[in-house]
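These notes are about the structure you will find just below.
Because only heavy atoms are used, hydrogens play no part in the values below, and waters and symmetry mates are left out as well, while side chains stay in. Remember, it's a predicted structure, so these values are computed and weren't measured experimentally.
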Amino acid sequence: MLKKATLLILGSLVIRLGFFLYGIYQDANYKVRYTDIDYYVFHDAARYVYESLQKGTIGSPYWRETYRYTPLLSWLLVPNHYFLWFHLGKLIFVAFDLFTGLIILSLVRKCVKSRESSLPLFLSSLWLLNPMVITISTRGNAESVICFLITLALYLLQRNCLTLSAIVYGLSIHFKIYPIIYCVPIAFFLYRKDKQFTKVILYGACSLLALLVSSAAMYKIYGSQYLDQAYWYHLYRTDHRHNFALWNLLLYYDSAQSTTSLLSKFAFAPQMIVTMSVTALEWYQPTFENLLNVLFLQTFAFVTYNKVCTSQYFVWYLIFLPFFIANTTISWQKGVCMAAVWVATQGFWLFQGYLLEFEGRNVFFPDMLIASALFFLGNTWLMGQFIDDIKTRALSAMNKAKKIN
């Protein structure tokens, strides 16, 4: 088992290095760049930080237009400028990507009830060998960092290291806001596990403290600009490019207006209702495995209903997919059908995006709207299948427990 796991990890590293090297080649020889446009933003923001450090002053990453992230991300890429290598930051993201895979492999072993030794390797390969995951990290997208923080927090939680888990969880919210949705299911899990409300308070207090301390430190250095760009901006953003969301067309029209429409301002309302409602599934079965299932469903719902939905957001729920599949009751035939719906609706949307951006065709209405609607409806149907699966598993476990008692 150990030998196979080592081969899997080494193979994952080699594949990522292959993608990384090909990306450098493509950037140098083709007009269409492999490197993610966001990576240029990260790199430029890090340059302002690095140059100011050399001068003994404090430079803001927000001097780089469109930088909307925590300053910690720009600090991570300072080595790009110290070692004078533009692509170094991509390897940092690849490292976080692999660390995430290692944590998934460790956690999935706890979730697999089958004694078949190859199953944990197969499930963890859904992350380690996933071409979408590999492409996103090697293109220079920073999602691997937030995925690492979330999985590390869960790893520590599973081992009952509550204080450390809470600190990492608080840092994950600082790094990107969306993990805050996990606070309710985690609180449910901690309370239902031991019926000790003190653990819930401890975890919440440590998480909040980590979030406040990290955010206060950034505010002290960068002032209100940090809050505006890293937090408030995401409440009123109107990004419409590469956006799979049903709100895409509305955001496109809003981008041409001086003010944001009332409808798009409250786009988060149905998202929050659905995202928080699915946490009720945790009450069926207060186990760590079911917690991971609920987190998968929560994240899937959050991304599906988000007013901005791009391909990089898919990795937010892909970190939970191995755990969800570990003990699923969904047949492989139905699973293939579900995967086909997920891929086909994306493919249709991407085809419309190609016609728009590369062919210059006006496909915003009705083609793009239809593609976004099909993607949304397809994902909503998938959510229904996930909910049924979680309920079936939980009710089955409850019935077994009743028979034993």
Side-chain angles (χ1 to χ4, degrees), residues 99-100 102-113 145-217 272-273 275-302 316-317 319-320 322-324 326-327 387 390-391 393-398 400-402 404-405:
F99 290 146
T100 301
L102 288 172
I103 296 173
I104 290 174
L105 177 58
S106 177
L107 283 175
V108 83
R109 286 172 175 165
K110 303 289 184 179
C111 299
V112 173
K113 297 177 181 178
V145 181
I146 186 67
C147 290
F148 168 75
L149 291 173
I150 292 170
T151 51
L152 178 59
L154 292 170
Y155 175 86
L156 294 168
L157 177 63
Q158 193 272 333
R159 279 155 179 74
N160 208 34
C161 302
L162 298 187
T163 302
L164 286 176
S165 173
I167 291 172
V168 176
Y169 175 60
L171 288 175
S172 74
I173 300 173
H174 168 81
F175 203 87
K176 239 182 176 86
I177 304 172
Y178 86 89
I180 199 171
I181 64 175
Y182 302 149
C183 65
V184 174
I186 290 175
F188 281 178
F189 167 74
L190 288 172
Y191 178 73
R192 292 291 302 277
K193 182 182 178 184
D194 300 315
K195 301 293 184 180
Q196 295 182 16
F197 197 65
T198 54
K199 289 188 175 181
V200 178
I201 296 175
L202 172 65
Y203 197 93
C206 291
S207 298
L208 182 60
L209 183 63
L211 173 61
L212 291 178
V213 168
S214 56
S215 298
M272 287 297 100
I273 292 172
T275 301
M276 301 314 296
S277 295
V278 299
T279 60
L281 292 169
E282 195 175 352
W283 287 101
Y284 284 95
Q285 191 179 14
T287 63
F288 184 75
E289 290 78 8
N290 195 43
L291 170 64
L292 296 178
N293 291 336
V294 171
L295 296 184
F296 167 73
L297 184 59
Q298 252 202 318
T299 313
F300 192 90
F302 183 88
W316 294 357
Y317 54 75
I319 58 174
F320 299 110
F323 314 119
F324 184 87
N327 298 295
I387 290 172
I390 293 175
K391 288 175 64 177
R393 280 187 265 181
L395 292 173
S396 175
M398 290 171 64
K400 288 181 180 179
K402 288 180 180 179
I404 293 173
N405 294 333

Spacing of CD belonging to Glu282 relative to CG belonging to Leu295, to within rounding of 0.5 Å: 7.5 Å
Spacing of Phe320 atom CZ and Leu107 atom CG [to the nearest 0.5 Å]: 10.0 Å
From CA spacing to verdict: side-chain contact (heavy atoms from CB on, under 4.5 Å), Tyr203, Leu157: CA-CA 10 Å; Tyr203 197 93; Leu157 177 63; 4.1 Å; yes
Nearest non-hydrogen partners of Val294 and Pro185, listed with the distance: CG1-CB, 4.2 Å
Test applied, side-chain contact (heavy atoms from CB on, under 4.5 Å); reference residue, Leu291; option that passes from Phe296, Phe323, Phe189: Phe189
Flag if over 12 foreign heavy atoms under 6.0 Å of CZ, Phe175: yes
Exercise: identify the closest heavy-atom pair between Cys206 and Ala166: CB-CB, 3.5 Å
Any pair counted as side-chain hydrogen bond (donor to acceptor under 3.5 Å, both in side chains), so long as it reaches residues 292-302, sequence neighbours left out: Tyr182-Thr299
Validation row: Asn160, Leu162 side chains within 4.5 angstrom (heavy atoms): yes
For Cys183, all residues meeting side-chain contact (heavy atoms from CB on, under 4.5 Å), sequence neighbours excluded: Tyr169
Parallel, tilted or perpendicular: ring planes of Tyr178 versus Trp316, cut at 30 and 60 degrees: parallel
Inter-residue atom distance Ile103.CD1 - Ile150.CD1, 0.5 Å rounding: 11.0 Å
Exceeds 12 heavy-atom contacts within 6.0 angstrom, atom CZ of Phe288: yes
Distance (rounded to the nearest 0.5 Å) between Gln285 CD and Lys391 NZ: 14.0 Å
Spacing of Leu209 atom CG and Ser214 atom OG [to the nearest 0.5 Å]: 9.0 Å
For Pro322 against Ile104, the heavy-atom pair lying closest together: CG-CG2, 3.9 Å
Reported OG-to-CE distance for the pair Ser277 and Met272, which is rounded to 0.5 angstrom: 10.5 Å
Main-chain N/O of Phe148 paired with Thr151 side-chain donor or acceptor, under 3.5 Å: yes
Leu156 to Ser165 - nearest heavy-atom pair and separation: CB-CB, 3.6 Å
Shortest non-hydrogen contact from Ser172 toward Ile146: O-CD1, 3.2 Å
Among Ile180, Ile173, Ile167, Leu171, the one residue meeting side-chain contact (heavy atoms from CB on, under 4.5 Å) with Leu211: Ile173
